[in-house]
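Since we're looking at a predicted model, the values are computed, not measured. Residue numbers start at 1 and run along the sequence shown.
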Amino acid sequence: MPPASTGASTITVDASAPQSPVTTTAAPAATTHERLEPGRPGYRRMSFALFAAGVAAFALLYSTQALLPAVSASFDASAGQASWTVSAATGALALFVLPLSALSERFGRRQMMTASLAVAVLVGLLVPFAPSMGALIALRAVQGAALAGLPASAMAYLAEEVRPKALIAAIGLFVAGNSIGGMSGRILTGWVAQAWGWRAALAAVGLLALACAVAFHFLIPKARNFRPGSLNPKALAKTVATHLADPLLVRLYAIGALFMTVFGAVYTVIGYRLVEEPFSLPQGVIGSIFLVYLVGTVSSAAAGRLVARLGRRGALYLAVSTTTAGLLLSLADQLAAVLLGLVLITAGFFAGHAVASSSVSRTATTGRAQASALYQSAYYLGSSAGGTLGAVAFHAGGWTATVALGLLAVLGVVSITLYGTRVARAERRALVPATR
């Protein structure tokens, strides 16, 4: 996976699976067009287009998260009920990312990205007019399902259209769009809601996403190296089953889901805590709290160096320790301590997420696109579970209960990592006699 983002998109393309989920009907390889790279026509347009797509997608995906206290008040709903406006979107994305990634193999990356953005933006413009909590949750689920077509298609498009030496930089710009979209959407909604209410805030995000989608449509170059194929559902199911039978991949999926459970719980509930005594912060200031996300850009970028120095499991232990320290520090009733706690939670989450997600592509020797799609599914299911369970815990026992939920998820990561360490040591011991 590329460096982690708030909505981290990590699909890599690999055609080395024994039986591909898509049967290619491509022209001979000699007809492959020259790929894009910095300095060549189309590269800058492509970079701006995918940056705009990333901003639109993740501004929409998390658009209600900073608004949950206002949504609760408007519909006289509990924190748990309101949290479904986030969980429904991320949960639907988790369920649809794998099938839509397969459809992009048949109908085209550019077409899938365009359709996904168009549907998500259209729903985004309807969301502010939702007459009830049920209608709002339903619209958000449709929006999340539509957005599932973007991450996989974007990464596959880049892999096919960009020269390998320029691929990391191109992916970085898309991931930056994810991060900025997720962060700016929350900040924008916070300040607009403070002045004009949460419906106006969601309308503002919808208009921002519309502008980004229009920019994407006119800027994205045509796919010149895509070769459509016919879908092979049996092969896709076989590839998925193979990945789910791999113990290491399953552990990595579980680690990603548990880290995201912590993150989803904290950031879904933090608005409720900060709007209450002893903080009593206004909506705009609460939205600005999401600037802490910038810490994640630094920690995810540093994950590679941590793995080089500490090893994969050592880096995970450090990420877990940082997250735990942040959770405990956030229990204080001083705003500075809470903010520092959020910084540590964010840094630990992004580092752990980056280590786990990048390990998926390295572990899966075949069908890497499907392996990464499964990681995304687990990741966003963790987000949905964390958001809903965190809100339920907050309603039942306040912030302390939400932190307890986070600590339980962290304990799960530690247990899985310790088990992995034990398995690795046993495998090394078993190899010793064979090498003598």
Side-chain angles (χ1 to χ4, degrees), residues 6-7 52-77 81-97 99-100 103 111-151 153 177-178 181-218 268 271 283 287 380 383-384 387-388 391:
T6 54
V55 170
F58 287 90
L60 289 171
L61 184 62
Y62 290 102
S63 58
T64 61
Q65 194 171 56
L67 302 173
L68 293 180
V71 172
S72 288
S74 177
F75 290 118
D76 193 24
Q81 292 171 321
S83 72
W84 276 103
T85 64
V86 180
S87 298
T90 54
L93 191 155
L95 294 175
F96 281 86
V97 65
L100 290 187
L103 286 178
Q111 289 81 355
M112 180 59 72
M113 289 188 287
T114 301
S116 291
L117 277 177
V119 174
V121 168
L122 176 60
V123 175
L125 295 174
L126 296 175
V127 162
F129 303 99
S132 66
M133 179 65 78
L136 179 58
I137 292 171
L139 286 171
R140 292 283 291 149
V142 173
Q143 197 170 49
L147 288 171
L150 183 69
S153 300
N178 297 173
M183 181 182 68
S184 62
R186 293 163 168 99
I187 295 172
L188 174 65
T189 54
W191 286 105
V192 173
Q194 183 173 316
W196 296 290
W198 67 269
R199 292 183 185 274
L202 291 179
V205 170
L207 292 175
L208 170 65
L210 175 61
C212 290
V214 170
F216 170 83
H217 176 73
F218 286 106
T268 296
Q283 188 70 57
Y380 284 110
S383 176
S384 296
T388 300

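For Ala82 against Ser72, the heavy-atom pair with the smallest separation is CB-OG, 3.3 Å. When all heavy atoms are compared, the tightest approach of Ala215 to Ala52 is CB-CB, 4.4 Å. Here the shortest heavy-atom pairing between Gly124 and Leu60 reads CA-CD2, 4.4 Å. Nearest heavy atoms, Ala70 versus Gln283: CB-OE1, 4.2 Å. Contact record, Ala146 with Ala120: CB-N, 3.9 Å, taken as the closest heavy-atom pair. Closest non-hydrogen pair, Gly91 versus Ser384, comes out as N-OG, 2.8 Å.
We find the CG-OG1 distance between Leu150 and Thr114 to be 9.5 Å, quoted to the nearest 0.5 Å. In this structure, CG on Leu202 lies 8.5 Å from OG1 on Thr85, to the nearest 0.5 angstrom. Note: Leu100 CG to Met112 CE = 5.0 Å, rounded to the nearest 0.5 Å. Atom CG of residue Leu93 and atom CZ of residue Arg140 lie 10.5 Å apart, to the nearest 0.5 angstrom.
Between the Arg199 side chain and the Pro128 main chain, a donor and an acceptor come within less than 3.5 Å of each other. Using a distance-only test at 3.5 Å, with no hydrogens or angles considered, no donor-acceptor pair links the side chain of Ser87 to the main chain of Trp84.
Under the rule for a side-chain contact (heavy atoms from CB on, under 4.5 Å), the partners of Thr189 that lie at least two apart in sequence or sit in another chain are Ala66, Leu67, Ala201, Val205. Taking the ring pair (Phe, Tyr, Trp, His ring centres under 6.0 Å) definition, one finds that Phe96 meets it with nothing, sequence neighbours left out.
In this structure the side chain of Leu61 reaches within 4.5 angstrom of the side chain of Tyr380, judged on heavy atoms. Within the 4.5 Å cutoff, no side-chain heavy atoms of Val86 are placed close to those of Thr388. Side-chain contact check for Ile137 versus Gln81: every heavy-atom pair is 4.5 Å or farther apart. Contact annotation: the side chain of Phe216 approaches that of Leu117 to within less than 4.5 Å [non-hydrogen atoms, C-beta and beyond]. At a threshold of 4.5 Å between non-hydrogen side-chain atoms, the residues Thr90 and Tyr62 count as touching.
Counting non-hydrogen atoms of other residues, nucleotides and ligands closer than 6.0 Å to CH2 of Trp198 gives a total above 12.
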